[in-house]
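Beneath this line is the structure, given in structure tokens, with notes to follow.
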Amino acid sequence: MNKFDEFLIFHKKGFLNLILFLVFLWSLFQIPWGENLIHPGGSVAIHQIFQGMITPDLSAQTLEYAVIASIRTVAYAVTGMTVALLIAMTLGVLASGVLFKEKRRSRVLKSFFRGILGFMRAIHELVWAWLFVAAIGLSPYAAVFALGIPYGGTLGRVFADMLEDVPKEPISSLESAGANKLQVLFYGYLPIAKADMISYGMYRFECAIRSSTIMSFIGLGGLGYQIQMALSDLSYSRVWTYLYFLILLVFLIDLWSNGIRKRETA
């Protein structure tokens, strides 16, 4: 790359940054700054929220509800992620094209399966939840499928990219030794991509805990349902008790994820 090309690239980036900065300034002027930005009772509510953060409700009944709701939230997340992984491993492998021999057929089928994955993840899990609640009622299956479908689409797309990015030298060695496509998949692609797939899968499991909490707001039980009930009573101390349980769940899963990653990379 010569100096003229570097000059063009530098000025293109500078021009783009300038446009983004101007858009940011324009967006600030679209907000009606003034006294009505915060409603009259907002300062009182903010004080109550922070007070609840410092003094959460630690009564036996609230803690019992929090434990039961946490178990239900984790159950939704685990079951939903199980469905998501089944979808991701199946469609992700097909969307990567590693099982197809002909290049033309591979491109067509890859586009087809990637389109399915795109459709699944394009709709937010909360919208899927509303659709399933309308179809099958307030059932745990509604939460499980609402998590499993969009998360399966996201995981499948990322898994497909990971499999495509596997170095070709080990794959070529297996193929030259006479391995068929399935053998190459199980002894070549998957072992090489396994650590990254597990790492991203654990991250999505952490996200599934939060999404499972959101699912509870539509009446499916769990921490979100308890948070909603506490908010309707303006009991911010109870709200923060349930939020602290949610934070604890995410923290524990993060510790578990770090342990698994260390074992895989050791």
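In this text the structure is predicted, and so the values were computed from the model without any measurement.
The same ILVMFWY cluster, assembled from side-chain heavy atoms under 4.5 Å apart, contains both Leu94 and Leu182. Under the 4.5 Å side-chain heavy-atom criterion for grouping Ile, Leu, Val, Met, Phe, Trp and Tyr, Val239 is connected to Val250 within one hydrophobic cluster. Residues Tyr141 and Leu85 are members of one and the same hydrophobic cluster, defined by side-chain heavy-atom contacts under 4.5 angstrom among Ile, Leu, Val, Met, Phe, Trp and Tyr. In the hydrophobic cluster analysis, where Ile, Leu, Val, Met, Phe, Trp and Tyr join through side-chain heavy atoms closer than 4.5 angstrom, Phe251 is grouped apart from Leu243. With hydrophobic clusters built from ILVMFWY side chains whose heavy atoms lie under 4.5 angstrom apart, Ile68 does not share a cluster with Val74.
Closest non-hydrogen pair, Ala88 versus Leu155, comes out as CB-CB, 3.5 Å. Residues Gly188 and Leu174 approach most closely at CA-CD1, 3.6 Å, considering heavy atoms. Considering all non-hydrogen atoms of both residues, Ile136 and Ala142 come closest at CD1-N, 3.7 Å. Closest non-hydrogen pair, Ser70 versus Ala66, comes out as OG-O, 2.7 Å. For the pair Thr62 and Arg238, the tightest heavy-atom approach, listed with the atom from each and the gap, is OG1-CG, 3.9 Å.
Atom OH of Tyr187 sits in a sparse spot, with 12 or fewer heavy atoms from other residues, nucleotides or ligands closer than 6.0 Å. Atom CZ of Phe245 has more than 12 neighbouring heavy atoms from other residues, nucleotides or ligands inside a 6.0 Å radius.
With hydrogens and angles disregarded, a donor-acceptor distance shorter than 3.5 Å links the side chain of Tyr244 to the backbone of Met53. Within the 3.5 Å criterion, the main-chain N or O of Ile253 finds no donor-acceptor partner in the side chain of Ser257. Checking side-chain atoms of Ser212 against main-chain N and O of Thr73 turns up a donor-acceptor pair under 3.5 Å. Trp128 contributes a side-chain N or O that, together with a main-chain N or O of Ile123, makes up a donor-acceptor pair within less than 3.5 Å. Side-chain atoms of Ser199 never come within 3.5 Å of backbone atoms of Ala195 as a donor-acceptor pair (strictly under, hydrogens ignored). A donor-acceptor contact shorter than 3.5 Å links the side chain of Tyr151 to the backbone of Cys207. Of the possible donor and acceptor atoms, one in the side chain of Gln183 sits under 3.5 Å from a partner among the backbone N and O of Asn180. Judged by distance alone, with hydrogens and angles left aside, the side-chain atoms of Thr241 form a donor-acceptor pair with the main-chain N or O of Asp57 at under 3.5 Å.
Expressed to the nearest 0.5 Å, how far CD1 of Ile247 lies from CG of Leu252 amounts to 12.0 Å. In this structure, CE on Met197 lies 6.0 Å from CG on Leu190, to the nearest 0.5 angstrom. To the nearest 0.5 Å, atom CG of residue Leu147 and atom OG1 of residue Thr82 are 11.0 Å apart. Note that the CG atom of Asp165 and the CG atom of Asp196 stand 9.5 Å from one another [nearest 0.5 Å]. With rounding to the nearest 0.5 angstrom, the CD1 atom of Ile49 is 8.0 Å from the CG atom of Leu231. Distance check: Ser139 OG to Phe145 CZ gives 8.5 Å after rounding to the nearest 0.5 Å.
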Could you list the donor-acceptor pairs under 3.5 angstrom formed by side chains in residues 110-122, with sequence neighbours left out?
{"unit_1": "Lys110", "atom_1": "NZ", "unit_2": "Glu164", "atom_2": "OE2", "d": "2.5"}
{"unit_1": "Ser111", "atom_1": "OG", "unit_2": "Arg107", "atom_2": "O", "d": "2.9"}
{"unit_1": "Arg114", "atom_1": "NE", "unit_2": "Ala95", "atom_2": "O", "d": "3.2"}
{"unit_1": "Arg114", "atom_1": "NH1", "unit_2": "Asp161", "atom_2": "OD1", "d": "3.2"}
{"unit_1": "Arg114", "atom_1": "NH2", "unit_2": "Asp161", "atom_2": "OD1", "d": "3.2"}
{"unit_1": "Arg114", "atom_1": "NH2", "unit_2": "Glu164", "atom_2": "OE1", "d": "2.6"}
{"unit_1": "Arg121", "atom_1": "NH1", "unit_2": "Leu117", "atom_2": "O", "d": "3.4"}

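Looking at Val93 and Leu99, their side chains come closer than 4.5 Å, going by heavy atoms from C-beta outward.
Under 3.5 Å, the side chains of Ser96 and Tyr189 contain no donor-acceptor pair of N or O atoms.
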Which is it for Leu246 and Ile209 under the side-chain contact (heavy atoms from CB on, under 4.5 Å) test, yes or no, and what are the steps along the way?
-> CA-CA 8 Å; Leu246 175 61; Ile209 293 291; 3.8 Å; yes
side-chain contact (heavy atoms from CB on, under 4.5 Å) assessment of Leu249 paired with Thr213 = CA-CA 11 Å; Leu249 287 179; Thr213 303; over 6 Å; no
Stepwise, does the side-chain contact (heavy atoms from CB on, under 4.5 Å) test hold for Glu125 with Ile214?
-> CA-CA 9 Å; Glu125 53 264 26; Ile214 298 299; over 6 Å; no
Evaluate the side-chain contact (heavy atoms from CB on, under 4.5 Å) criterion for residues Met162 and Tyr200: first the C-alpha distance (whole Å), next the side-chain angles of each, then the deciding distance (0.1 Å), finally the verdict.
-> CA-CA 10 Å; Met162 288 178 178; Tyr200 186 74; 3.9 Å; yes
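Arg204 is linked by a side chain to side chain donor-acceptor pair (under 3.5 Å) to nothing, counting only residues two or more places apart in sequence or in another chain.
In this structure, Trp240 has its ring center no closer than 6.0 Å to that of Tyr236.
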